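Read through the structure below, which is laid out as structure tokens, and then see the notes.
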Amino acid sequence: MLAEIQKETAELWPYAHPPGTFARNVQYTLQSRVTFLERAEGHINAVRERLAKLQHIRRLVLRRQQQAITEVTFHATRVEASIQAAIVHLRENQDRLLVGEYRDHLITIEDRSEGMKQTVDEFLDYEKFSQDASTIIKRVGACG
């Protein structure tokens, strides 16, 4: 499930950096902003569905897996809240795309999406390393 979350988080913030560009750039139209937020909402909903499944098995997994679930949930909650707030802002203030509150929501979406992706990436890298190390140990033991 974390691998599926990894795919969703990669799509959550697809814009090229430098950080904050989308939040501060007037070139993005209202429609492109709406489209972005609708897509981001779909991705965060998919993340939330997977997190709900992970929460059900939380007691059965290792402590480091529980920590990954906690960290991803933390980021996902903030991303979700900022997406909703940004959508409300666009509905109510279509002529005010670069006000501080709206920019703050976009920056939070960007930052927390990146944090969520990094958490998942690091956890999956650690799991792969652990599996590879176990395989090597077993092979060395079989040779001796």
Side-chain angles (χ1 to χ4, degrees), residues 1-25 28-94 96-143:
M1 283 185 265
L2 279 175
E4 293 171 8
I5 289 173
Q6 183 182 41
K7 291 176 187 173
E8 295 295 338
T9 60
E11 295 296 321
L12 248 169
W13 194 265
Y15 293 96
H17 290 282
T21 301
F22 186 74
R24 292 181 183 92
N25 197 325
Y28 295 103
T29 65
L30 174 64
Q31 185 55 49
S32 67
R33 291 170 185 276
V34 168
T35 299
F36 160 72
L37 289 170
E38 287 172 350
R39 285 183 185 153
E41 186 176 41
H43 292 297
I44 200 64
N45 287 340
V47 167
R48 281 308 217 172
E49 288 173 18
R50 285 157 181 91
L51 283 171
K53 292 176 184 177
L54 288 171
Q55 291 294 346
H56 285 309
I57 63 169
R58 182 184 181 90
R59 294 175 308 193
L60 306 173
V61 299
L62 299 172
R63 185 176 303 258
R64 68 178 177 274
Q65 293 167 324
Q66 292 173 356
Q67 182 63 32
I69 293 168
T70 298
E71 289 181 32
V72 171
T73 300
F74 172 79
H75 291 299
T77 300
R78 269 124 193 109
V79 169
E80 185 175 35
S82 289
I83 289 170
Q84 293 308 314
I87 289 170
V88 168
H89 176 87
L90 284 184
R91 283 188 196 132
E92 297 174 359
N93 302 288
Q94 294 181 7
R96 299 178 58 211
L97 299 179
L98 298 177
V99 296
E101 181 181 330
Y102 174 70
R103 281 195 328 249
D104 290 347
H105 292 309
L106 294 178
I107 290 168
T108 298
I109 295 166
E110 180 180 11
D111 290 346
R112 296 299 178 173
S113 295
E114 182 63 27
M116 186 167 34
K117 182 178 181 324
Q118 285 178 350
T119 297
V120 173
D121 289 349
E122 288 169 7
F123 178 79
L124 291 175
D125 287 347
Y126 178 83
E127 288 299 306
K128 182 173 179 354
F129 174 77
S130 294
Q131 289 174 355
D132 291 348
S134 293
T135 301
I136 291 169
I137 291 168
K138 287 177 187 175
R139 287 182 184 164
V140 169
C143 293

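Below, each value reflects all heavy atoms present in this structure, side chains not excepted, and no hydrogens, waters or symmetry copies. These numbers come from a predicted model, not from an experiment.
Between atom CG of residue L106 and atom CZ of residue R33 there is a gap of 6.5 Å, rounded to the nearest 0.5 Å. If you take CG on L2 and CD on Q65, they are separated by 8.0 Å, rounding to the nearest 0.5 Å. Between L60 atom CG and L54 atom CG the span is 11.5 Å, to the nearest 0.5 Å. The CZ atom of R112 lies 15.0 Å from the OG1 atom of T9; values are rounded to the nearest 0.5 Å. Taking NE2 of H75 as the reference point, atom NZ of K117 lies at 13.0 Å (rounded to 0.5 Å). Atoms CD1 and CZ, on I83 and F36 in that order, are 6.5 Å from each other to the nearest 0.5 Å.
Contact detail for S82 and I109: the closest heavy-atom pair is CB-CG1, 3.6 Å. Residue T108 comes nearest to R78 through the heavy atom pair CG2-O, 4.2 Å, listed as atom of the first residue, atom of the second, then distance.
Partner of M1 under the side-chain contact (heavy atoms from CB on, under 4.5 Å) criterion, out of V47, L51, I57, I69: I57 alone.
Using modelled atom types, one side-chain atom of R50 and one backbone atom of A46 make a donor-acceptor pair closer than 3.5 Å.
When the ring pair (Phe, Tyr, Trp, His ring centres under 6.0 Å) test is applied to H43, no partner is found at least two apart in sequence or on another chain. Under the salt bridge (Lys or Arg N to Asp or Glu O under 4.0 Å) criterion, E80 pairs with R48, not counting sequence neighbours.
Side-chain contact between T35 and Q31 is present, with at least one heavy-atom pair separated by less than 4.5 Å. Here the side chains of L37 and H89 are not in contact, with every heavy-atom distance at 4.5 Å or above.
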- Go through V34 and E38 one step at a time and tell me if the side chain to side chain contact (heavy atoms under 4.5 Å, CB included) criterion holds. CA-CA 6 Å; V34 168; E38 287 172 350; 3.5 Å; yes

- Task: Kindly determine whether Q118 and E122 satisfy side chain to side chain donor-acceptor pair (under 3.5 Å), including the steps that lead there.
- Result: CA-CA 6 Å; Q118 285 178 350; E122 288 169 7; over 6 Å; no

- Message: What verdict does the side chain to side chain contact (heavy atoms under 4.5 Å, CB included) test give for I5 and F123, after you've listed the backbone C-alpha separation in whole Å, the side-chain angles of each residue and the deciding distance to 0.1 Å?
- Response: CA-CA 12 Å; I5 289 173; F123 178 79; over 6 Å; no

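In Q84, the CD atom is crowded: over 12 heavy atoms of neighbouring residues, nucleotides or ligands sit closer than 6.0 Å.
Donor-acceptor pairing under 3.5 Å is recorded for the side chains of T70 and R58.
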